[in-house]
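Numbered from 1 within each chain, the chains take letters A, B, ... in sequence-line order. These values consider heavy atoms only, across backbone and side chains, with no hydrogens, waters or symmetry-generated copies.
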There are 2 protein chains.
Amino acid sequence: MRTIGYHHGDLRRTVLDAAVEAIGESGLDGWSLRELARRAGVSHAAPAHHFGDKAGLLTALAAEGFDLLADTLREAGPDFLAAGLAYVRFATEHPAHFGVMFQPKLYRADDDAVRQARDRAGALLAQGARTVAASAGSEITARAGWSIAHGFASLWLAGALPMPPNTDPLDAARPVLRRLLDH
Amino acid sequence: MRTIGYHHGDLRRTVLDAAVEAIGESGLDGWSLRELARRAGVSHAAPAHHFGDKAGLLTALAAEGFDLLADTLREAGPDFLAAGLAYVRFATEHPAHFGVMFQPKLYRADDDAVRQARDRAGALLAQGARTVAASAGSEITARAGWSIAHGFASLWLAGALPMPPNTDPLDAARPVLRRLLDH
DNA sequence: ACGGCGAACTTGTCAATGGAAAGATAGAGA
DNA sequence: TCTCTATCTTTCCATTGACAAGTTCGCCGT
């Protein structure tokens, strides 16, 4: 766990964090592996040892993202509104992960770690979304719930929703998600 | 309108089309300006004259995309289900445009052409989404309608929705969008 | 203690890229 | 015909992703 010397000690984590930061600043492709290496204070080829290539790094980020999402959903419980708000919260708190996760062409979506984490999040998601209306076709309902939460989160992150400044995304999302429940 | 010689005749359109094709094949950043130039049969610096830089090209694509979306929505009319399906149809028929449009960091979102086209699409969108339930708070309703259509389209394009192969996205979207109307 | 084994990291290199600068071409109007 | 100007080419440079080969050092068995 040293921070200086030939062996960094925790390069993998450091580079992942640097990637998250860089993506947050400059978007999904406004950065370079070499820049991350510079931020971490290592040589330009060091990251390759841990991730192979750029897609490898993004694959690790996607897997981490699905894991974080699954944790968030698990904590929120099986209620639709709670799960939907948790989904939006995850997206706004981890925009870099969220952005990568749903851009499968950027990484290796068939990676084992990614697939496992995604399945775990998917199961929790379906469970939460299905509580919208137990009577109605649950597949359709699950898709509607996921769509509205994902759509709101995506539009929010894209800055497409005209909102007064300093609006809390969760406060904005709550009535929108509720529209699926009651009219 | 020549296809050979020093002056291409329609380079701007040709490069835009090549970009759409390349994005469709390799994703939002799996291509290069030089590759587009090669496909168009011109020198690697020719596109720069029309677009300035890569962000300029994507700015043009985004503007075109918002214009296409506005046209699609206008044809669909003010009914929510029709507008929502039109939105999904636009996304699936023009995935490259759609992908760029909602990734503002890729282009100059404050460009005049972009802003005008986006505002036009936004107005039509709000109008359509508001017909979900005229009585309820129309702002919230509009956001819910937009969210569910946008979310479904995004998840569909990301391949996140497990579906039998050869499913028509519109057939899949219809019952999902309807979930917002009736329970 | 100590010796070597392998993971972690570095240095060096190459083709490809984005972008800028400066020159060449040709179509269109005076 | 002559000139003007948008369009396109050629040349050049710093940066990048990826690979190959060499270096360092933590760790494990003895």
Side-chain angles (χ1 to χ4, degrees), chain A residues 1-23 25-62 96 100 103 105-108 111 113, chain B residues 1-23 25-62 96 100 103 105-108 111 113:
Chain A
M1 205 65 74
R2 338 212 336 254
T3 56
I4 192 176
Y6 206 100
H7 287 66
H8 180 283
D10 203 12
L11 222 209
R12 185 186 161 88
R13 182 98 298 270
T14 302
V15 170
L16 279 176
D17 291 343
V20 169
E21 195 179 327
I23 292 175
E25 292 169 4
S26 322
L28 288 177
D29 65 336
W31 50 275
S32 67
L33 282 178
R34 288 166 113 102
E35 182 193 336
L36 303 188
R38 279 191 295 271
R39 292 202 198 189
V42 294
S43 81
H44 66 84
H49 175 73
H50 293 277
F51 304 105
D53 56 8
K54 210 171 180 179
L57 202 177
L58 293 174
T59 301
L61 257 193
V100 173
Q103 209 99 50
K105 284 190 175 167
L106 286 179
Y107 62 96
R108 284 181 272 278
D111 176 86
Chain B
M1 202 66 74
R2 335 207 344 249
T3 56
I4 191 176
Y6 206 100
H7 285 64
H8 180 284
D10 202 12
L11 222 210
R12 185 185 162 87
R13 181 99 298 270
T14 301
V15 170
L16 279 176
D17 291 343
V20 169
E21 195 179 326
I23 292 175
E25 292 170 5
S26 322
L28 287 177
D29 65 336
W31 49 276
S32 67
L33 281 178
R34 289 167 115 101
E35 181 193 337
L36 302 188
R38 279 192 294 271
R39 291 201 199 191
V42 295
S43 83
H44 67 84
H49 175 72
H50 293 275
F51 304 105
D53 56 7
K54 211 170 178 178
L57 202 176
L58 293 174
T59 301
L61 257 192
V100 173
Q103 209 98 52
K105 285 192 174 166
L106 287 180
Y107 62 95
R108 286 182 272 277
D111 175 87

Whole-Å distance between D:dC8 P and B:His50 NE2?
-> 4 Å

Atom pair distance, as rounded to whole Å: CZ in B:Arg13 and C1' in D:dT7 = 18 Å

Provide, to the nearest angstrom, the distance between the CG atom belonging to A:Leu36 and the P atom belonging to C:dC9.
-> 15 Å

Pull out every protein N or O sitting under 3.5 Å from an N or O of nucleotides 10-14 of chain D, one pair per line with the distance.
| residue | atom | partner | partner atom | Å |
| --- | --- | --- | --- | --- |
| D:dT11 | O4 | B:His44 | NE2 | 3.0 |

Separation of C:dT11 atom C1' from A:His49 atom NE2, nearest Å, is 16 Å

Verdict with reasoning, B:Leu28 to A:Asp29, per side chain to side chain contact (heavy atoms under 4.5 Å, CB included) | CA-CA 9 Å; B:Leu28 287 177; A:Asp29 65 336; over 6 Å; no

Starting at the 5' end of DNA chain D and moving along, which residue's nearest nucleotide shows up first, A:Arg38 or A:Ala48?
-> A:Arg38

Pairwise 5' ranking along DNA chain C for A:Arg12 and B:Ala55, keeping only the more 5' one | A:Arg12

Just how far, in rounded Å, is P of C:dT17 from CG of B:Asp29?
-> 13 Å

Using whole Å, report how far CG of A:Leu57 lies from P of D:dG17.
-> 10 Å

Taking atom C1' of D:dG17 as reference, at what distance in whole Å does atom CG of A:Leu33 sit?
-> 7 Å

Do the charged groups of B:Arg108 and B:Asp53 touch, with an N to O distance under 4.0 Å?
-> yes

Looking only at heavy atoms, what is the nearest atom pair of B:Leu33 and B:Pro47, with distance?
-> O-CG, 4.4 Å

Side chain to side chain contact (heavy atoms under 4.5 Å, CB included) assessment of B:Arg39 paired with B:Glu21 | CA-CA 10 Å; B:Arg39 291 201 199 191; B:Glu21 195 179 326; 3.4 Å; yes

Mind calculating the distance between CG (B:Leu11) and C1' (D:dT7) to the nearest angstrom?
-> 9 Å

Check: A:Thr59 side chain, A:Tyr107 main-chain N or O, donor-acceptor pair, under 3.5 Å | no

Quick one: closest heavy-atom pair of A:Leu58 and A:Leu106, and the distance?
-> CD1-O, 3.6 Å

